[in-house]
Amino acid sequence: MNGSLLLENKSDLIKELLEASGIHSGMHKDPETAYLVVHHDKVVGLQGLPGLEVEPQEKSDGIHIRFLVKAGTHIKKPVYLCFGMMQREGVQKILMDVTIEKRAKVNIFAHCTFPNSMNIVHRMNAEIHVENDAHYSYFERHIHGDEGGISVYPKAKVVLEEGAHFKTEFELLKGRVGLIDIDYECTCRALSVLEMMARISGRGDDVIKINETGHLLGKSARGVLTTKIAVRDKAKAEVYNTLTAGAPYARGHVDCKEIVQDQAQAKAVPVIEVNDPKAHITHEAALGSVDSKQLQTLMSRGLTEDEGVELIIKGLLR
Amino acid sequence: MEVLQLKNVTLTINDNHILHNINIDFWNGYVHAVSGPNGAGKSTLASTIMGLEGYREIQGDIIYQGENINDRSVDERARLGITMAWQDPARYEGLTIKDFLMASAKIKNEDNIRDVLASLSMNPQQYLKRALDKTLSGGERKKIELASILVNEARLVLLDEPDSGIDVESLERIFESIRLLKKRGTTVILITHSLAVLQQADHAFLMCSGEIIDKGEKEKIVKYFENKCIPCPHKNIPDEWEPAVGK
């Protein structure tokens, strides 16, 4: 859609949602900024741009969104997607069908905001197709309440055609995680580039499950899976990162770092598989308490142990 | 007047005396050097004074400004006015040099931090935003460590091998910083096996095998170190070794 849709009686709701998301509330008044705002199961704000088609449909099984960037289109400013609920309870289901056509380029800032969550389920199922030499960057920030009554299920199946570039970054640092179960899988053709990163901080009885998979099937495809997690109290984190390479000169790296405090638990299972003698994949994983030398250095400058740990974790999750 | 005293300090790890019956007085406002060959126990002594993890279970007493600080934690000792620069400083993923220096600074003032970096020939514009990680060279990281000591404004500073990894040009900057600390009235303890660093001290101690074997003016210690420790007869020609203590 080119043009804007703002439900007049929803303007306060949009403002409230944007503010809770940390987005400048004037964003939706900028005619050069595309956005989509979904509150619970309703589309409350929408603005497209030439070359960008955003078509949401409210259906009984959730919000269906067709998101398409036409061939050769470069969207200069980030496109804002805001999914959220201001109420305490409910289910939000988003089904996204994303196509970034050849040589197109777009950056998405997605905010999933549930500041008052007590009993909320948020499901996101995305099918993403990034065509030849197209660039798709998706930054997703979650903002949850302090009670932890939320379950989040982000799922994505991604196909990168030759020369395509896909970068996704998932951040959940504010509020309680509750339960999060990420499941992303990406198939990479020749010369394509995949970058997946997740940064999550869990506490209380939060449960973090991450399952990220990349298949480097094309010649010279590259992929990096990065996970940075801090868990404290009785929180649990399980990370399954899988990267396979099945073509000459495919290159990949899996990196998982988890800081564990109190009675929290962390598990990392990196799986790397190479099926071509000219391919190369590496991995590194580090799980445990904060580095003693880092902490003692900060303490020798006068920071308490808690202050030192906070600063080290802040750095890791940055 | 002494600011720090070690009285009969012994540190035993796995039944080995790493430090043995150490008795030292560090005078207020002086630049002291603790010198000796590799493995003498110099860095262990610094870690014990700082109260680092693994170096707290000692016999004897560490007295700082008249107070026994044996039971004080690292951060408590830091807040009393003691700090330490590591021989091989830690690196931090995600933190910038500015983050680290602001955390270290007594007065959280960016202008002050910029001045300190400039005094070490480090362009603040270039360095403040840089990550404090493995992208920095050993020498750069070492200078950042020293910058953090300067902005910390502690009363007693332990510098463990301050010249390691430092190029010749930067070495004079390091020495200038040591002189600046002295000018401020800070007590400095240099942990070193370098004669060039030893020359910066007013007074020196010589360590060997976990013991203090000599002390006095730096010229005397330099002479002993040159003649008796390079090479070390204690290890290489035991029959020729004559400890200086008591002579």
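Below, chains carry the letters A, B, ... as their sequence lines are ordered, and counting in each starts from 1.
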- A/Arg301 side chain to B/Lys106 main-chain N or O, any donor-acceptor pair under 3.5 Å? no
- Please confirm whether the backbone N or O of B/Asp88 pairs with a side-chain atom of A/Lys293, one donor and one acceptor, at under 3.5 Å? yes
- Task: Mark yes when over 12 heavy atoms from residues, nucleotides or ligands other than B/Gln87 sit less than 6.0 Å from its CD; otherwise mark no.
- Result: yes
- Message: Can you tell me which portion of A/Glu307 sits under 4.5 Å from chain B's heavy atoms? Options are side chain, backbone, both or neither.
- Response: neither
- Task: Please state whether the side chain, the backbone, both or neither of B/Ser148 comes within less than 4.5 Å of a heavy atom of chain A.
- Result: both
- Exceeds 12 heavy-atom contacts within 6.0 angstrom, atom CZ of A/Arg176: yes
- Worked verdict on B/Asp99 versus A/Arg318 for salt bridge (charged side-chain N to carboxylate O under 4.0 Å, His left out): CA-CA 12 Å; B/Asp99 291 330; A/Arg318 183 175 280 169; 2.6 Å; yes
- Which answer fits B/Glu76, side chain, backbone, both or neither, if we ask what part of it has an atom under 4.5 Å from a heavy atom of chain A? neither
- Donor-acceptor under 3.5 Å (B/Thr83 side chain, A/Ser300 main chain): yes
- Task: Please check if atom OH in A/Tyr249 has more than 12 non-hydrogen atoms from other residues, nucleotides or ligands closer than 6.0 Å.
- Result: no
- Message: Atom NZ of residue position B/Lys129 - does it have more than 12 heavy atoms of other residues, nucleotides or ligands inside 6.0 Å?
- Response: no
- Task: Measure the spacing between OG1 of A/Thr297 and CE of B/Met84 and express it to the nearest 0.5 Å.
- Result: 8.0 Å
- Task: Report, as yes or no, whether the 6.0 Å neighbourhood of atom CG on B/Asn123 holds more than 12 heavy atoms from other residues, nucleotides or ligands.
- Result: yes
- Within a reach of under 6.0 Å around CZ of B/Arg114, are more than 12 heavy atoms found that belong to other residues, nucleotides or ligands? yes
- Query: For the side chain of A/Gln296 and the backbone of B/Glu53, is there at least one donor-acceptor N/O pair under 3.5 Å apart?
  - Reply: yes
- Side chain, backbone, both or neither: which part of B/Ile82 has an atom under 4.5 Å from a heavy atom of chain A? backbone
- Task: Applying side chain to side chain contact (heavy atoms under 4.5 Å, CB included), run through B/Leu95 and A/Leu311 and close with a yes or a no.
- Result: CA-CA 8 Å; B/Leu95 290 188; A/Leu311 188 59; 3.8 Å; yes
- Of all heavy-atom pairs between B/Asp75 and A/Leu303, which one has the smallest distance, and what is that distance? CB-O, 3.1 Å
- Step through the shown structure and confirm whether more than 12 heavy atoms of other residues, nucleotides or ligands are within 6.0 Å of CD on B/Glu57. no
- May I ask you to decide if A/Gln294's main-chain N or O and B/Tyr92's side chain share a donor-acceptor pair within less than 3.5 Å? yes
- Query: So do A/Ile312 and B/Glu93 actually touch side chain to side chain, heavy atoms under 4.5 Å?
  - Reply: no
- Task: Answer yes or no: does atom CD of B/Glu67 have more than 12 heavy-atom neighbours from other residues, nucleotides or ligands under 6.0 Å?
- Result: yes
